[in-house]
Amino acid sequence: MERPNDVESRDFIRRIVAEDLAEGKNESRVHTRWPPEPSGYIHIGHAMSILLNYSVAQEFGGQFNLRFDDTNPLAEDTEFVEAIKRDVAWLGADWEDRLYFASEYFEQLYQWAVHLIQEGKAYVCDLTAEQISEYRGTAAFDGERTTTPPGKNSPYRDRTVEENLDLFHRMRAGGFPDGTKTLRAKIDMTHPNLNMRDPVLYRILHVSHHRTGDAWCIYPTYDWTHGQSDAIEGITHSLCTLEFENHRPLYDWFLDNLPVPHRPRQIEFAAVGIGYTVMSKRYHRQLVFGNHVHGWDDPRMPTIAGMRRRGITPEAIRAFVKGIGVTKSEGMIEMAYLEHHIRQDLNKRSPRVMAVLNPLKVVIANYPQGQSESLEAINNPEDPLAGVRSVPFSRELYIEREDFMENPPKKFYRLSPGSEVRLRYAYFIRCEDVVKDADGNVIELRCTYDPDTRGGDAPDGRKVKATLHWVSAPDALRAQVRLYDHLFSVENPHSPPEGKTWLDTLNPESLQIRNDCWIEPSVADAAIGSRFQFERMGYFCLDPDSKPDGLVFNRTATLRDAWLKAQQKAD
RNA sequence: UAGGGCGUAGCCAAGCGGUAAGGCAGCGGCCUUUGGCGCCGUGAUCGAGGGUUCAAAUCCUUCCGCCCUAACCA
């Protein structure tokens, strides 16, 4: 069927926002926010939420806030606040001067709690955590089937307003030990939505907070904080992930029962999952604190910090996020899809360079001893403006070990005894002899070159089936290269094989370090973070561990490899 | 079990009653001084059944499957 292709369809959230705008809601404003808890580093899943909230505001001429949801001092830390700010900014989401902390609203929240008590809609409860759970009516298996009994009222539910006010005041004043009392909303203990069965608003925690210090010993829960914070900030559309859908009735109940200045609307969307990795902060904390990776910014991690160190650009992440769309159906995106966007972005912007990761020495027998020359190489065939550079050529070179086979199979176009190939931007060479050590390992190739093919073309028109990258041995820089693979060996670590845990599925070969790599001298002064395409090998970037006399590169992504694929098919 | 949500090709995703967009992956081919890039071609009757209608992926209905919650975490 014929359908206009140029009409980009809107996702369901943008459609709702557009409708609200059309109906003149919210004084025709659009205002979103992203509310992280500073209890870990953010990951690519968060990036989707950040970019969605930010871009919706952008597209509708609205504003975007960054608000830390810092209501649980037990897990939070300023280190995470700083890391999150850095990562959000790096992704390109600009909160301008609107950086907020839910902890700034603690006093207002307290006043609203008092209001609720006065209205007879909240009470101080002495039940323990376990008792609260029991009274709530937890699902139970009666031997035949699981049932969900209605909850029953707390015996403290009918305390007088005066008593509640007094108790709540003393809770704040520090009169009670941790866990002995809570403030709960008085809603409905038989409500089918468990969140509505008298949820806890405040718990007692004699713990100092990274921003409010020891000013408080009672801390508001997420549910009691979130919607009201949105209201205070004038948020019009509070976009969050699907697991909060169950909380929406409560979110709305608070707004309905409080004298809030504004009425925000919560809309939920599906979070992303990506194959061969895990996307939960809880798991990330275990990976980091359990030393299964080298920190939050380990290039194998799906954290923003890790991806940045890996060499992935914010543009690639944005393109990826835009590509997967916004829906309510939860799925698992293939890693190949992320890699596609990484390659597409890096292909256009990365200067090419030649580097040999697994060196095999080549001596050009007919090239004069002691002679050398400079050859011109194109910096980026995708970008004419990138210009050219010169690379040194000499009698002794290194080529990639995988580019030579003594007994090549059919369709192996590269170097083998007697065959001729092109050295990129240099000459045609022919392999004349194979030098081996006592164990029969190939340690050197003796080749001859054709002086007439300088630059890579033969005047007589003869063709060659392969072009190899290479470096001049006396001129090349030694480098360490870190090759990364999937962090996990199974696509979904959340459902590991029988008898295994998710940690058992970590890929033992996710990091491979090569110390004897050689790279052309043009990268000598590259800045940390510089990205390159090592021709025929992949995309790499200079790691912060790099020193002037010891270059360290991270492999961001491999190039697609038709030969590799053909081999795998042959196996 | 209760409440909430989801189900369109291997993956993501358009579609909103008029007879299945697009991307990724795969496969085949072209091009090529990166076996890269680029280009061309190639796949579905929409979880299942029933119903309404001239016409249904789109409406109704029953069923099935999967996910979320049942924390004084967010």
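Everything quoted here is computed from the prediction, not taken from an experiment. Just so you know, these numbers use all the heavy atoms, side chains as well, and skip hydrogens, waters and symmetry mates.
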>> By the 4.0 Å heavy-atom rule, please label Thr327(A) as base, sugar-phosphate, or nothing.
In response: sugar-phosphate
> Which parts of nucleotides 34-40 of chain B does protein reach within less than 4.0 Å, heavy atoms only, written one letter per nucleotide 5' to 3' as B for base, S for sugar-phosphate only and - for none?
Replying inline: BBBS---
> Who is the Watson-Crick or G-U wobble partner of rC16(B), with both distances under 3.5 Å?
Replying inline: none
>> Please encode protein proximity along nucleotides 64-70 of chain B as a string of B, S and -, counting only heavy-atom distances under 4.0 Å.
In response: ---SBSB
> Contact class for Gly325(A) vs. all strands (heavy atom < 4.0 Å): base, sugar-phosphate, or nothing?
Replying inline: nothing
>> Distance check, P atoms only: rG51(B) and rG65(B), in whole angstrom units.
In response: 23 Å
> Taking only residues two or more places apart in sequence, or in another chain, which ones meet Ser229(A) in a side chain to side chain donor-acceptor pair (under 3.5 Å)?
Replying inline: none
> Looking for any heavy atom pair under 4.0 Å, which part of the strands does Thr221(A) touch: base, sugar-phosphate only, or nothing?
Replying inline: sugar-phosphate
>> Measure CG/Leu205(A) against P/rC73(B) and give the value in whole Å, please.
In response: 7 Å
>> I need the CZ-P distance between Arg10(A) and rC16(B), as an integer number of Å.
In response: 16 Å
> rA55(B) and rA20(B): how far apart are their C1' atoms, nearest whole angstrom?
Replying inline: 15 Å
>> Of the options rA13(B), rC72(B), rA74(B), whose atoms approach the side-chain atoms of Thr71(A) most closely?
In response: rA74(B)
> If the P atom of rC60(B) is compared with that of rG7(B), how far apart are they to the nearest Å?
Replying inline: 15 Å
>> What's Met332(A) touching, base or sugar-phosphate or nothing? Going by heavy atoms closer than 4.0 Å.
In response: sugar-phosphate
> Can you name the residues that form a side chain to side chain donor-acceptor pair (under 3.5 Å) with Tyr219(A), not counting sequence neighbours?
Replying inline: none
> How many Å lie between CZ on Phe269(A) and P on rA13(B), as a whole number?
Replying inline: 13 Å
> So does Ser329(A) get a side-chain nitrogen or oxygen closer than 4.0 Å to the phosphate oxygens (OP1/OP2) of rA13(B)?
Replying inline: yes
>> Under 3.5 Å for both donor-acceptor distances, Watson-Crick or wobble: does rA21(B) have a partner, and if so which one?
In response: none
> If pairing requires Watson-Crick or G-U wobble contacts with both distances under 3.5 Å, which nucleotide is the partner of rC66(B)?
Replying inline: rG5(B)
> Which residues satisfy the ring-ring contact (aromatic ring centres under 6.0 Å, His included) test with His206(A), sequence neighbours excluded?
Replying inline: none
> Would you call Lys328(A)-Glu245(A) a salt bridge at under 4.0 Å N-O?
Replying inline: yes
>> Assess whether a salt bridge exists between Arg462(A) and Asp450(A), defined as any Lys/Arg side-chain N lying under 4.0 Å from an Asp/Glu carboxylate O.
In response: yes
>> In this structure, how many angstroms lie between the P atom of rC27(B) and the CD atom of Gln568(A), rounded?
In response: 10 Å
>> Under 4.0 Å, heavy atoms only, any strand: does Lys569(A) hit a base, just the sugar-phosphate, or nothing?
In response: sugar-phosphate
> Which residue lies toward the 5' end of RNA chain B, Lys565(A) or Asp69(A), if each is placed at its nearest nucleotide?
Replying inline: Lys565(A)
>> Can you tell me the base-pairing partner of rA71(B)? Count Watson-Crick or G-U wobble geometry only, both distances below 3.5 Å, and say none if there is no partner.
In response: none
>> I want to verify a distance call: between rA74(B), rC72(B), rG5(B), whose nearest atom is closest to the Glu37(A) side chain?
In response: rA74(B)
> Would you say the side chains of Asp198(A) and Tyr135(A) form a donor-acceptor pair under 3.5 Å?
Replying inline: no
> Is there a Watson-Crick or G-U wobble partner for rG36(B) with both distances under 3.5 Å, and if so, which one is it?
Replying inline: none
>> Need one value for Arg15(A): base, sugar-phosphate or nothing, where a base atom within 4.0 Å counts as base even if backbone is also close, heavy atoms only.
In response: base
>> Base, sugar-phosphate or nothing for Leu127(A)? Non-hydrogen atoms, less than 4.0 Å.
In response: base
>> Distance check needed: rU32(B) P versus Asp457(A) CG, whole Å only.
In response: 12 Å
> When rounded to the nearest Å, what value does the distance between C1' atoms of rG38(B) and rC46(B) take?
Replying inline: 34 Å
>> Measure CZ/Arg197(A) against P/rC72(B) and give the value in whole Å, please.
In response: 13 Å
> Taking only residues two or more places apart in sequence, or in another chain, which ones meet Lys411(A) in a side chain to side chain donor-acceptor pair (under 3.5 Å)?
Replying inline: none
>> Between rC54(B) and rC12(B), how many Å separate the two C1' atoms, rounded to a whole number?
In response: 36 Å
> What is the distance from CG of Leu52(A) to P of rC12(B), rounded to the nearest Å?
Replying inline: 18 Å
>> Nearest to the Arg203(A) side chain among rA25(B), rA14(B), rC72(B), which nucleotide is it?
In response: rC72(B)
> When rounded to the nearest Å, what value does the distance between P atoms of rG43(B) and rG23(B) take?
Replying inline: 13 Å
> Arg285(A) has an atom CZ; how far is it from atom P of rA74(B), in whole Å?
Replying inline: 13 Å
> Taking the P atom of each, how far is rC11(B) from rG18(B), in whole Å?
Replying inline: 28 Å
> Applying the side chain to side chain donor-acceptor pair (under 3.5 Å) test to Ser103(A), which of Thr71(A), Asp70(A), Thr225(A) qualifies?
Replying inline: Asp70(A)
> Mind checking who rC59(B) pairs with, Watson-Crick or G-U wobble, both distances under 3.5 Å?
Replying inline: rG51(B)
>> Please identify which of these residues, Glu535(A), Arg352(A), Glu400(A), meets the side chain to side chain donor-acceptor pair (under 3.5 Å) condition with His469(A).
In response: Glu400(A)
>> So that I know where these two stand, are Phe393(A) and Trp470(A) an aromatic pair - ring centroids less than 6.0 Å apart?
In response: yes
> With no angle test and no hydrogens, is the base of rG5(B) tied to the side chain of Glu268(A) by a donor-acceptor pair under 3.5 Å?
Replying inline: no
> Among the nucleotides rG3(B), rC24(B), rG5(B), which one has an atom lying closest to any side-chain atom of Glu245(A)?
Replying inline: rG5(B)
> With Trp224(A), which of Phe254(A), Phe106(A), Trp253(A) fulfils ring pair (Phe, Tyr, Trp, His ring centres under 6.0 Å)?
Replying inline: Phe254(A)
>> Let me spell it out: for each of Lys328(A) and Asn72(A), pick the nucleotide of RNA chain B with the closest heavy atom. Which residue's pick is nearer the 5' end?
In response: Lys328(A)
>> In whole Å, measure the gap between the P atoms of rC16(B) and rA21(B) for me.
In response: 12 Å
>> Pairing check on rG26(B): which nucleotide meets the Watson-Crick or G-U wobble criteria with it, both distances under 3.5 Å?
In response: rU42(B)
> With a 6.0 Å cut-off on ring centres, are His247(A) and Tyr251(A) close enough?
Replying inline: no
> Out of curiosity, His46(A) NE2 to Thr241(A) OG1, how far, rounded to the nearest 0.5 Å?
Replying inline: 8.0 Å
